[in-house]
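Working notes, beginning with the structure itself.
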Amino acid sequence: MKIAIGNDHVAYKMKQEIVEYLTQNGYDVLNFGTDSTERCDYPVYGEKVAHAVVNKQVSAGILICGTGIGISLAANKVKGIRAAVCSEPYSAKLSKQHNNTNILAFGARVIGIETAKMIIDEWLNAKFEGGRHQKRIDMISEIESKNL
Ligand code: RB5
């Protein structure tokens, strides 16, 4: 499975640890940067990963900034993206089962690396449940189409 990853300068160190973790666990990681601690703007990386997801270059995306908020907001502006900021595993799991999130975001200033790994595991192993949840996702897509 191929996963896109993107981050800002605040999250560079955590991104490196996560790339190593994912690679060790058999995932193919496509890194969109940034790859230094030099100050940069998180929307750039949120958009790059979002495009890789909607273009089906990858099956899923992971975004990290200081809080996970800014970078997920940027990604959510791309049509078809459902990015959720998760700071604990339960929300990450439910965000896939109920909301069919295609991007997981978290904050390098908010959680530690071990919590980040648990969140990623829950999210990647969860399956979308469909059914009544699909109808609600379709409603979200309608909002997206109506408000261009
Ligand atoms: C950068 O200082 C910080 O604003 C960014 O990493 C992120 O937390 C934004 O949401």
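When a ligand or atom number is given, it counts from 1 through the structure's own listing order. Every heavy atom of this structure was used, including side-chain atoms; hydrogens, water molecules and symmetry mates were not.
Contact of the V53 side chain with the V58 side chain is registered, since non-hydrogen atoms from C-beta on lie closer than 4.5 Å. With a 4.5 Å cut-off on side-chain heavy atoms, T67 and R109 do not count as touching.
In this structure, H51 has no ring-ring contact (aromatic ring centres under 6.0 Å, His included) partners at least two apart in sequence or on a different chain.
Other residues, nucleotides and ligands contribute over 12 non-hydrogen atoms within 6.0 Å of the CE atom of M1.
Side-chain atoms of K93 do not come within 3.5 Å of backbone N or O of A126 as any donor-acceptor pair.
Residue-level contacts of ligand 1 at the 4.0 Å heavy-atom threshold are D8, V10, Y42, C65, G66, T67, G70, R109.
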Worked check of side-chain contact (heavy atoms from CB on, under 4.5 Å) between C65 and V10: CA-CA 6 Å; C65 64; V10 175; 5.9 Å; no
